[in-house]
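First the structure, in the form of structure tokens, and then the observations on it.
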Amino acid sequence: ISARREPERGLTPLGTMDSLSSPQEGRKPNPVSAIVFVIAILAVSMAIGYVTRPGEWYAGLDKPVFNPPGWVFGPVWTGLYVLIAIAGWRILRNPAAGRAKTVWIVQMVLNWAWSPAFFGAHMPWLAFIIIVAMLVAILAFIAAAWKPDRVSALLFLPYLAWVSFATLLNGAIAVMN
């Protein structure tokens, strides 16, 4: 007779919690705190985007042929910020995710610094340095979150894809100008 080990309570076969809940022993997820956290991240991100929105300077830059139309950025970033915020809410509540917490905060600070550097200060090379560091932080977050909260790590995959593209775009604009 083989003893089949059941997954720990609340864990899926992947070793992660249900979609919104955070892996904490004996604590039920608080959807209100998750919603407030997501709204706060969106509010700060949108405020930075509003204050540093592209203007005449950006319109006058030479851009590569793969530069998307301007209307694409708002919806893409809004969706990404929701995913980033959910991952952050989950990981910041997870007592087993020490390094992932730090890396999540670092990537968020770098994310929020990019727009002021690029659009505010008109410094594409400084923004390029920031976005490369952000890309490294995103990869580090995925690696650090993988074991304690795989859902949070997976939520960062679209962000990784977009920031990889944005890094290429930022680099091309810096070189062309």
Side-chain angles (χ1 to χ4, degrees), residues 12 14-23 34 37-50 52-54 58 61-92 94 97 99-119 123-177:
T12 68
L14 286 176
T16 59
M17 297 294 290
D18 310 20
S19 61
L20 185 60
S21 62
S22 175
F37 191 80
V38 169
I39 290 170
I41 296 298
L42 281 170
V44 171
S45 302
M46 288 180 177
I48 292 169
Y50 179 78
T52 61
R53 64 190 173 277
Y58 181 71
L61 292 177
D62 292 329
K63 298 174 198 75
V65 295
F66 58 87
N67 189 68
W71 62 265
V72 169
F73 293 94
V76 167
W77 275 111
T78 300
L80 290 174
Y81 281 127
V82 169
L83 297 177
I84 293 165
I86 292 169
W89 177 81
R90 291 173 55 88
I91 214 73
L92 293 173
N94 185 335
R99 182 168 176 266
K101 292 176 187 184
T102 302
V103 179
W104 186 88
I105 292 167
V106 167
Q107 69 75 33
M108 202 72 254
V109 168
L110 290 167
N111 181 300
W112 286 338
W114 184 87
S115 225
F118 190 90
F119 295 116
M123 298 179 72
W125 282 111
L126 174 60
F128 184 72
I129 292 166
I130 292 169
I131 202 167
V132 168
M134 182 170 44
L135 191 57
V136 170
I138 292 166
L139 287 165
F141 175 82
I142 292 168
W146 193 258
K147 187 174 180 185
D149 185 1
R150 189 157 304 161
V151 170
S152 291
L154 293 171
L155 287 171
F156 260 50
L157 293 181
Y159 183 33
L160 173 63
W162 182 258
V163 172
S164 296
F165 170 73
T167 302
L168 179 63
L169 182 59
N170 185 158
I173 290 172
V175 167
M176 294 174 75
N177 293 280

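For the numbers below, each heavy atom of this structure counts, side chains included, while hydrogens, waters and symmetry mates do not.
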Spacing of [X] atom [atom1] and [Y] atom [atom2] [to the nearest 0.5 Å]:
X: Thr102; Y: Ile91; atom1: OG1; atom2: CD1; value: 11.0 Å
X: Asn94; Y: Asp149; atom1: CG; atom2: CG; value: 5.5 Å
X: Ile41; Y: Ile39; atom1: CD1; atom2: CD1; value: 11.5 Å
X: Leu155; Y: Leu160; atom1: CG; atom2: CG; value: 13.0 Å
X: Ile48; Y: Ser115; atom1: CD1; atom2: OG; value: 7.5 Å
X: Asp62; Y: Asn67; atom1: CG; atom2: CG; value: 11.0 Å

*asked:* Going by the rule side-chain hydrogen bond (donor to acceptor under 3.5 Å, both in side chains), which residues pair with Trp112 if we only count those two or more places apart in sequence or in a different chain?
replied: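 Scan of Trp112 (side-chain hydrogen bond (donor to acceptor under 3.5 Å, both in side chains), adjacent residues dropped) gives Ser45.
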For Tyr50, I'd like to know if atom OH has over 12 heavy atoms of other residues, nucleotides or ligands within 6.0 Å.
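Not buried by this count: 12 neighbours or fewer within 6.0 Å.
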Quick one: does [X]'s side chain get under 4.5 Å of [Y]'s, heavy atoms only?
X: Leu83; Y: Pro158; value: yes
X: Lys63; Y: Leu169; value: no
X: Ile84; Y: Trp104; value: yes
X: Phe165; Y: Pro68; value: yes

Residue pairs meeting side-chain hydrogen bond (donor to acceptor under 3.5 Å, both in side chains), one or both in residues 157-176, sequence neighbours left out, come to Gln107-Tyr159, Asn111-Tyr159, Trp114-Asn170
Closest non-hydrogen contact found for Phe37 with Gly88 is CE2-C, 3.8 Å
Exercise. Which atoms form the tightest heavy-atom contact between Ser152 and Ala87, and what is the distance?
Worked result: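 Nearest pair, atom of Ser152 first, then Ala87: OG-O, 3.4 Å.
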Angle between ring planes, Tyr58 versus Phe119, binned at 30° and 60°: parallel, tilted or perpendicular? perpendicular
Donor-acceptor contacts, no H, no angles, side chain residues 125-142, under 3.5 Å, sequence neighbours left out:
none

